[in-house]
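Note sheet for the following structure.
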Amino acid sequence: MDYLDTKGRVFDVQRYSIHDGPGIRTIVFLKGCVLRCKWCCNPESQEYRIQNMKVLGENKVIGYDTTVREMIEEVERDRPYYYRSGGGMTLSGGECLCQPDFARDLLRAAKERGITTAIESMACAPWETIEAILPYLDTYLMDIKHTNHEKHKAFTGKSNELMMENARKVAASGKTRLVIRVPVIPTFNDTVEEIKGIARFASTLPGVDKIHLLPYHRLGQDKYEGLGRPYLMGDIEPPTKEHMETLKKAVHAVCALDCQIGG
């Protein structure tokens with residue numbers, strides 16, 4: 001089978017993004033995730049199955065099947081913006097590596113057309129899956145949410161040993177630019193010491209020079225109601241700008257990584 005005929009399941013395509021990799025980017029959101037983060041802003045991404053979600057009182061079908069050939073044609077529509085800005089295609093989710101063949105082949109199609117590639121991923125996948133995409137990947141935006149295994153499992157449903165080990169392997173490979181991203185979540189990882197711990201870990205990864213602190217927000221809260229699910233973080237307020245600046249200073253106190261607030 002031609003790799004362009006590989007099938008995958010997508011739930012959204014977002015154009016003109018400037019926060020998910022270099023330049024202006026087209027983000028392809030893949031269905032499916034192995035984590036259940038309490039703060040997830042895309043709960044419709046978690047299940048691989050096609051779902052119905054109420055949006056503004058109307059039923060909306062979430063998810064559709066496509067091929068690499070069809071999706072890369074849609075991505076190529078934005079090619080003029082990539083050339084002007086140094087942008088390209090970013091795969092997100094969910095966890096895009098839950099569809100390993102589709103993710104790999106879509107990245108390959110982009111690279112073969114001269115489009116730069118990135119993924120947003122928690123690296124919660126077998127190393128063989130990650131290794132297979134590296135030849136087609138320019139930038140890996142990798143979430144590192146916490147260094148404590150038990151607390152990570154309590155808030156996401158899984159421990160973090162696999163993700164941290166994969167971060168080490170990706171960095172050691174030298175095959176892609178690795179950027180560490182930290183969703184800053186009150187009650188989970190927003191203390192100075194917790195952020196310092198993540199920064200120390202990131203600073204041990206060869207070639208990593210950037211860390212992004214992404215402040216918690218509640219923009220996805222209405223989606224939970226639309227899916228008939230409770231939102232478990234409803235009482236949690238987003239961190240203040242002052243607190244985010246304090247955490248940025250905490251990163252700089254323990255390492256030389258370039259730290260920025262937001263993506």
Does Lys210 form a side-chain contact (heavy atoms from CB on, under 4.5 Å) with Leu257? I'd like the steps, not just the answer. CA-CA 5 Å; Lys210 280 188 177 291; Leu257 294 178; over 6 Å; no
Cation-pi geometry met for Arg108 and Tyr3 (6.0 Å, 45°):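 Yes; both conditions hold, so Arg108 lies above the ring face of Tyr3.
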Please confirm whether Lys31 makes a cation-pi placement over Tyr48, using NZ or CZ under 6.0 Å from the six-membered ring centre and within 45° of the ring normal.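 Ring-cation test returns no.
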Sequence neighbours left out, what pairs pass salt bridge (charged side-chain N to carboxylate O under 4.0 Å, His left out) with at least one residue falling in residues 149-173?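 Qualifying pairs: Lys151-Glu194, Glu165-Arg168.
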Do side-chain atoms of [X] reach the backbone of [Y] as a donor and acceptor pair under 3.5 angstrom?
| X | Y | result |
| --- | --- | --- |
| Ser45 | Gly94 | yes |
| Asn160 | His146 | yes |
| Gln260 | Gly262 | yes |
| Thr6 | Phe102 | no |
| Asp20 | Gly263 | no |
| Asn166 | Ala123 | yes |
| Arg25 | Gly21 | no |
| Thr117 | Asp138 | yes |
| Arg104 | Tyr136 | no |
| Arg69 | Thr66 | no |

Which heavy atom of [X] sits nearest a heavy atom of [Y], and at what distance?
| X | Y | value |
| --- | --- | --- |
| His217 | Cys41 | CE1-CB, 3.8 Å |
| Val192 | Ala250 | CG1-CB, 3.8 Å |
| Pro186 | Met233 | O-CE, 4.1 Å |
| Leu178 | Leu205 | CD2-CD1, 4.2 Å |
| Gly88 | Ile115 | CA-CG2, 3.8 Å |

If Ile, Leu, Val, Met, Phe, Trp and Tyr residues are connected whenever their side-chain heavy atoms lie under 4.5 Å apart, and connections chain through other members, are [X] and [Y] in the same group?
| X | Y | value |
| --- | --- | --- |
| Leu107 | Val179 | no |
| Leu97 | Leu91 | yes |
| Val13 | Leu4 | yes |
| Ile72 | Ile133 | yes |
| Ile198 | Val254 | no |

Less than 4.0 angstrom from a charged side-chain N to a carboxylate O is my criterion; do [X] and [Y] meet it?
| X | Y | result |
| --- | --- | --- |
| Lys7 | Asp65 | no |
| Asp78 | Arg15 | yes |
| Glu120 | Arg181 | yes |

Do you know which of Trp39, Phe188, Tyr216 makes side chain to side chain contact (heavy atoms under 4.5 Å, CB included) with Pro183?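 When side chain to side chain contact (heavy atoms under 4.5 Å, CB included) is applied between Pro183 and each of Trp39, Phe188, Tyr216, only Trp39 qualifies.
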Single hit among Thr116, Ile24, Thr26 for side chain to side chain contact (heavy atoms under 4.5 Å, CB included) with Tyr82: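 Result: among Thr116, Ile24, Thr26, Thr26 is the only option passing the side chain to side chain contact (heavy atoms under 4.5 Å, CB included) with Tyr82.
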Enclosure of [X] [atom1] (heavy-atom neighbours >12, cutoff 6.0 Å):
| X | atom1 | value |
| --- | --- | --- |
| Gln221 | CD | yes |
| Asp2 | CG | yes |
| His19 | NE2 | no |
| Ile18 | CD1 | no |

Report yes if the side chains of [X] and [Y] come closer than 4.5 Å at any heavy-atom pair, otherwise no.
| X | Y | answer |
| --- | --- | --- |
| Phe29 | Thr90 | no |
| Tyr231 | Glu225 | no |
| Cys259 | His252 | yes |
| Thr139 | Pro22 | yes |
| Pro215 | Pro239 | yes |
| Thr176 | Val170 | yes |

Arg229: salt bridge (charged side-chain N to carboxylate O under 4.0 Å, His left out) partners, not counting sequence neighbours: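 By the salt bridge (charged side-chain N to carboxylate O under 4.0 Å, His left out) rule, Arg229 matches no residue at all.
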Using the side-chain contact (heavy atoms from CB on, under 4.5 Å) rule, take Thr156 and Lys145 through it: C-alpha gap first, then chi angles, then the decisive distance, then the call. CA-CA 9 Å; Thr156 72; Lys145 307 176 195 299; 4.0 Å; yes
Step by step, work out the side-chain contact (heavy atoms from CB on, under 4.5 Å) result for Lys175 and Leu137. CA-CA 8 Å; Lys175 292 182 178 179; Leu137 186 62; over 6 Å; no
Rounded to the nearest 0.5 Å, what's the gap from NZ on Lys60 to CD on Gln51? Could you check?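 Reported value, rounded in 0.5 Å steps: 12.5 Å.
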Members sharing Met122's hydrophobic cluster (side chains within less than 4.5 Å):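 ILVMFWY cluster around Met122 also holds Val34, Leu35, Met163.
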Give a yes or no on whether the ring-centroid distance for Tyr64 and Phe11 is below 6.0 angstrom.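 Not close enough - the centres of the two rings lie 6.0 Å or further apart.
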Check the pair Tyr140 / Ile119 against side-chain contact (heavy atoms from CB on, under 4.5 Å), numbers first and verdict last. CA-CA 5 Å; Tyr140 198 137; Ile119 65 171; 3.7 Å; yes
